[in-house]
A.B. asks: 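The structure that follows is given in the form of structure tokens.
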Amino acid sequence: MEFDDEHTFDKPAAAVMKMFSDRAYFERKCKELGFTEIEVLEHESSGAKFRIKLRYTTKSGEQFPDFARKFLPQVAVVTQQDTWDLQRMTGRLEVEIKGAPVKVACDMALKDRGAGSANELKWTVTSGIPLLGGKLEQVIADVIRSKAANDVATTRRILQDY
């Protein structure tokens, strides 16, 4: 399943990219979102490329449909990798949820828009479970959408420091 989203910011893309390529931003954001057991597994910043891989624990806070409860944990161990091409301002986000038979990825493009900027997100959620995979993909997509407002509000708040 694929879907699009967009996060807008009141600062130019260059300021947002400075934040998106800062390890401290990711650690602070995870803490402010209430994640626990936050660990930076890998981190590299080399000129035109930035990459960070984190692992954290989070409570879903979602009431999953009966069929999804056996596939999706209420307390999830998440591994997330963000990779950015700093010159093109394009990136990719990949998420693994331990024990969940789904793959989540997002292609990102950060662009100036007026006095601010926008991060254009193209999400892909896949599951190989026969018959139920499509329904499981929809559940995950709904979780992503439901958490987006809090995520972007936190990011906007942190952006004020850049």
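All figures in this text were calculated on a predicted structure; none of them were measured in a lab. FYI, the numbering just counts along the sequence from 1.
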A.B. asks: Could you grab the distance from atom CZ of R55 to atom SG of C30, nearest 0.5 Å is fine?
C.D. replies: 12.5 Å

A.B. asks: Please step through side chain to side chain contact (heavy atoms under 4.5 Å, CB included) for the pair F35 and V78, ending with a clear verdict.
C.D. replies: CA-CA 10 Å; F35 301 159; V78 177; over 6 Å; no

A.B. asks: If you take all heavy atoms of P73 and F64, which pair is closest and at what distance?
C.D. replies: O-CE1, 3.8 Å

A.B. asks: Mind checking the OG1-NZ spacing from T79 to K53? Nearest 0.5 Å is all I need.
C.D. replies: 6.5 Å

A.B. asks: Do you reckon I97 sits in the same ILVMFWY cluster as F67, going by side-chain contacts under 4.5 Å, direct or chained?
C.D. replies: yes

A.B. asks: Got a second to check how far R92's CZ is from T83's OG1, nearest 0.5 Å?
C.D. replies: 9.0 Å

A.B. asks: Hey, any chance V125 and I129 share a hydrophobic cluster, counting ILVMFWY side chains that come within less than 4.5 Å of each other, even indirectly?
C.D. replies: yes

A.B. asks: Between R145 and D5, is there a side-chain heavy-atom distance shorter than 4.5 Å?
C.D. replies: no

A.B. asks: Describe, in one word, how the ring planes of F20 and F9 are oriented to each other, choosing from parallel (under 30°), tilted (30 to 60°) and perpendicular (over 60°).
C.D. replies: perpendicular

A.B. asks: Would you say L159 and Y25 make side-chain contact, with heavy atoms under 4.5 Å?
C.D. replies: no

A.B. asks: Enter the distance from M19:CE to Y162:OH here, rounded to the nearest 0.5 Å.
C.D. replies: 7.0 Å

A.B. asks: Can you tell me if CD on Q87 sees more than 12 non-hydrogen neighbours from other groups inside 6.0 Å?
C.D. replies: no

A.B. asks: Any side-chain heavy atom of V102 within less than 4.5 Å of one from F71?
C.D. replies: no

A.B. asks: Check whether any side-chain heavy atom of I52 lies under 4.5 Å from a side-chain heavy atom of V40, and answer yes or no.
C.D. replies: yes

A.B. asks: Between atom OG1 of T8 and atom CZ of R156, what is the distance when rounded to the nearest 0.5 Å?
C.D. replies: 4.0 Å

A.B. asks: Should V77 and I38 be counted in the same cluster of Ile, Leu, Val, Met, Phe, Trp and Tyr side chains packed under 4.5 Å apart?
C.D. replies: no

A.B. asks: For F50 and H43, take the angle between the two ring planes, folded into 0 to 90°, and tell me which bin it lands in: parallel under 30, tilted 30 to 60, perpendicular over 60.
C.D. replies: perpendicular

A.B. asks: Please find the pair of heavy atoms, one from D22 and one from F26, that lie closest to each other, and give the distance.
C.D. replies: O-CD1, 3.4 Å

A.B. asks: If only side-chain N and O atoms count, and only distance matters, is there a donor-acceptor pair under 3.5 Å linking R28 with T154?
C.D. replies: no

A.B. asks: Does the side chain of L72 come within less than 4.5 Å of L136's, by heavy atoms?
C.D. replies: yes

A.B. asks: For the backbone of K11 and the side chain of S117, can you confirm whether one donor and one acceptor N or O come within less than 3.5 Å of each other?
C.D. replies: yes

A.B. asks: Flag the pair V104 / Q80 as yes when at least one side-chain heavy-atom distance between them is below 4.5 Å, and no otherwise.
C.D. replies: no

A.B. asks: With side chain to side chain contact (heavy atoms under 4.5 Å, CB included) as the criterion, how do I140 and M1 come out once you've worked through the C-alpha distance, each side chain's angles and the decisive distance to 0.1 Å?
C.D. replies: CA-CA 10 Å; I140 295 296; M1 136 166 265; over 6 Å; no

A.B. asks: Report yes if the side chains of T36 and K59 come closer than 4.5 Å at any heavy-atom pair, otherwise no.
C.D. replies: no

A.B. asks: Taking NZ, NE, NH1 and NH2 as the nitrogens, is one of them in R113 or E120 under 4.0 Å from a carboxylate oxygen of the other?
C.D. replies: yes

A.B. asks: Find the distance between CG (D151) and CD (E32) and round it off to the nearest 0.5 Å.
C.D. replies: 11.0 Å

A.B. asks: Where do K111 and A13 come nearest, in terms of heavy atoms and distance?
C.D. replies: C-CB, 4.1 Å

A.B. asks: Mark yes when over 12 heavy atoms from residues, nucleotides or ligands other than K18 sit less than 6.0 Å from its NZ; otherwise mark no.
C.D. replies: no

A.B. asks: Could you tell me if the side chain of V16 sits less than 4.5 Å from the side chain of T155, heavy atoms only?
C.D. replies: no

A.B. asks: Is there a donor-acceptor pair closer than 3.5 Å between any side-chain N or O of S127 and the backbone N or O of P101?
C.D. replies: yes

A.B. asks: Work out which heavy atom in W123 is nearest to a heavy atom in C106; give both atom names and the distance.
C.D. replies: CE3-CB, 3.6 Å

A.B. asks: Count I, L, V, M, F, W, Y as connected when their side-chain heavy atoms are under 4.5 Å apart, and connections chain through other members. Are V95 and L33 then in the same cluster?
C.D. replies: yes

A.B. asks: Using a cut-off of 6.0 Å, state whether more than 12 heavy atoms not belonging to E96 lie near its atom CD.
C.D. replies: no

